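Treat the numbers as computed from the prediction; the structure is a model and nothing was measured. For the single chain, residues carry numbers from 1 onward in sequence order.
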Amino acid sequence: MRLPERPVHSMSRRFTAGPRSTFPSRRALTAFVVGSTLALGGCGLVLDWSGYEDGGSGEGGSGGSGGSSGVVTAASGGGNCEVACPEGEVCEAVEDGSFGCFEPVMATVVVTTYPGVANGAKLPVSGARVLFVAEGNHRALTLKASEEPGGLYRAQIPAERNATTGRPLKGFVHVVVEASEFLPYPSWIQPPSRANLLTTTQQGEIQFPEVTLQRPTEVRQGGMVSGNVAKSGAAGAIVVALLADGGASAGKPAVGMSIADAEGNYVLRDLPAENLLLKAYATGLTVDDLTVTAPPGDGIVLNFTESDAPTFRVNSFLVGAPNVAQVVALVPTSILQPAALVGPVPPGMQLIVTGDESFRFERVPQGEYAIVTYPFDDDDSAPVPGNGVPTVAVKDKNVNLAEGVGLASDWDLLFPTTSVDTLSKGSPMFPLYFEASAASCDAYLFGANGELLEKKAFSETDITSPMWTAEKLNVGQSYSYVIHQRNTDGHLFTMSELYKGQFRVVE
């Protein structure tokens, strides 16, 4: 889908604190996009809380990498200049510690959907809630993006600037898209659309790869709850809705999820007409849970309020990890896909460690979390699960996992090897390839909204050259699968890539 033409103007910089500088005129460049393979979001960024009130010292813990993410929070986009910036420019931080006036970085993304028929052209989606989030610390950088015709959404992204050129520094940003009758972010089928601020053109534009939303197998016409997470540092907080069930909702999958914007606003859509419990997650975030009685379709407003609940430390170390960087993250168990071992990371709950280093998460709010590990690799961020994902219940004291967190010894790229594979209508057959030492294999098939449609187990007697025939597939829908291989004691030691095991059924 072609983006509409935009006025061409060159980026500029005017210091309002520190010396003034003049930059030479620059030739206009064409925007281009980068690849969008992403797991939990490590992909080259380090933790940076420099612009937030909830952790200027770096709450991530002792295992993290140092440096700057190259992304400045929305809170630092104003109020730091001695004089107001000219109309059409914004005040942003410069890497040398000063502040300057710049033409803003404007991000655009096109949101589409499949029409539900086999070979129909994708259609634009209107009325979506689109945010841009810093990939390294998972903080929301923007409010809801403005909408233009053709499914185009646009928002200003705050960015730290190069001290010499005034250009944005490196920093990966990904897109959050939420819309009624579509799947909540993120889809298990396709990783979030992402871009590097270095791809910003001289005209201040950065175009993100198109986002194609998936409709769930069964569209739920439900209620809506919106409001605000009333505490500093709530930008990007994950808000989940659980079935209340008399208060015993711990451990159950969430029935709704939303990412809070740069001011802490959230929107939960398509909720069931049940009694619900709402929880919010972010490092240092202590707010009271909310209860909802059968939310109406036209929606109600509920704001979280700050509580005096304590936060705690979670520390451990990696076992058997190679001497390369690894991403370690805490994911609330209610939003973890247990078979695919992926899930969204709350702000501040991701670290980068090397080898068997110890790691520590600080100021973790009460809740139940899975500890998930990923290789720190810009080119390929497929998950590498350990021998069973450890979970930790943070209740009333610091947690020390003295046994450590294990990693898988290897992982395989199994068929298909392309990012998206289209298969014929019917029941496609997948050839399965195994390590010689494999004793058993489990194949998982996921629907468009991440629901587990099918699990097929292959025993030691039938893994020589098995064929897996997938069932329950519909034309026009997208699916993905994961292959687990286990050794003789049942431990998982290889796993296929979720995001390269995806396909769409066509006629």
- Message: Using the rule given for side-chain contact (heavy atoms from CB on, under 4.5 Å), can you reason through Glu362 versus Arg360, listing the C-alpha separation, both sets of side-chain angles and the distance that settles it, and then say yes or no?
- Response: CA-CA 6 Å; Glu362 298 283 0; Arg360 182 176 70 248; 2.4 Å; yes
Hey, what do you get for [atom1] ([X]) to [atom2] ([Y]), rounding to the nearest 0.5 Å?
X: Glu181; Y: Thr113; atom1: CD; atom2: OG1; value: 10.5 Å
X: Leu330; Y: Thr283; atom1: CG; atom2: OG1; value: 8.0 Å
X: Leu242; Y: Ile335; atom1: CG; atom2: CD1; value: 9.5 Å
X: Ile157; Y: Thr108; atom1: CD1; atom2: OG1; value: 9.0 Å
X: Ser226; Y: Arg129; atom1: OG; atom2: CZ; value: 9.5 Å

Quick check: do [X] and [Y] have side-chain heavy atoms less than 4.5 Å from each other?
X: Val111; Y: Leu213; answer: yes
X: Leu278; Y: Asp289; answer: no
X: Arg363; Y: Met349; answer: no
X: Pro346; Y: Pro332; answer: yes
X: Val255; Y: Leu276; answer: yes

- Message: If the threshold is 4.0 Å, N to carboxylate O, is there a salt bridge linking Glu210 and Lys122?
- Response: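 Lys122 and Glu210: salt-bridged.
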- Message: Using a strict threshold of under 4.0 Å (side-chain N to carboxylate O), is an ion pair present between Arg154 and Glu205?
- Response: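 The answer is yes: the pair qualifies as a salt bridge.
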- Task: Evaluate side-chain contact (heavy atoms from CB on, under 4.5 Å) for Val176 paired with Val130, printing each intermediate quantity in order.
- Result: CA-CA 6 Å; Val176 171; Val130 176; over 6 Å; no
- Taking all non-hydrogen atoms of both residues into account, name the closest pair between Ala309 and Thr286 and its distance. O-CG2, 3.2 Å
- Message: Below 30° counts as parallel, above 60° as perpendicular, anything between as tilted: where do the rings of Tyr281 and Tyr369 land?
- Response: perpendicular
- Item | Close aromatic pair by centroid cut-off 6.0 Å: Phe361 and Phe312 |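 No - the distance between ring centres of Phe361 and Phe312 does not fall below the 6.0 Å cut-off.
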- Query: Relative to Phe102, does Arg161 satisfy both conditions: NZ or CZ under 6.0 angstrom from the six-membered ring centre, and within 45 degrees of the ring's axis?
  - Reply: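 Yes, a cation-pi geometry.
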- Message: Between Glu178 and Ser258, does the side-chain hydrogen bond (donor to acceptor under 3.5 Å, both in side chains) criterion hold? Intermediate values first, please.
- Response: CA-CA 8 Å; Glu178 301 170 353; Ser258 179; 3.1 Å; yes
- Message: Please evaluate residues Tyr266 and Phe304 with respect to the criterion ring pair (Phe, Tyr, Trp, His ring centres under 6.0 Å), reporting the C-alpha separation (whole Å), side-chain torsions for both, the decisive distance (0.1 Å), and the verdict.
- Response: CA-CA 10 Å; Tyr266 73 93; Phe304 286 85; 5.7 Å; yes
- Using only the SG atoms, decide whether Cys85 and Cys101 are less than 2.5 Å apart.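 In this structure, Cys85 and Cys101 share a disulfide.
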- Message: Determine whether Val405 and Phe359 satisfy the following criterion, side-chain contact (heavy atoms from CB on, under 4.5 Å), listing intermediate values before the conclusion.
- Response: CA-CA 10 Å; Val405 176; Phe359 58 86; 3.9 Å; yes
- Met224: which of Val301, Ile300, Asp298, Val267 passes side chain to side chain contact (heavy atoms under 4.5 Å, CB included):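 Considering Val301, Ile300, Asp298, Val267, a side chain to side chain contact (heavy atoms under 4.5 Å, CB included) with Met224 is found only for Val267.
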- Identify the residue among Val90, Leu143, Val105, Leu141 that makes a side chain to side chain contact (heavy atoms under 4.5 Å, CB included) with Gln156.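 The passing option is Val90.
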- Do the side-chain N and O atoms of Asn265 and Asn228 include a donor-acceptor pair separated by under 3.5 angstrom?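 Yes, Asn228 and Asn265 have a side-chain donor paired with an acceptor closer than 3.5 Å.
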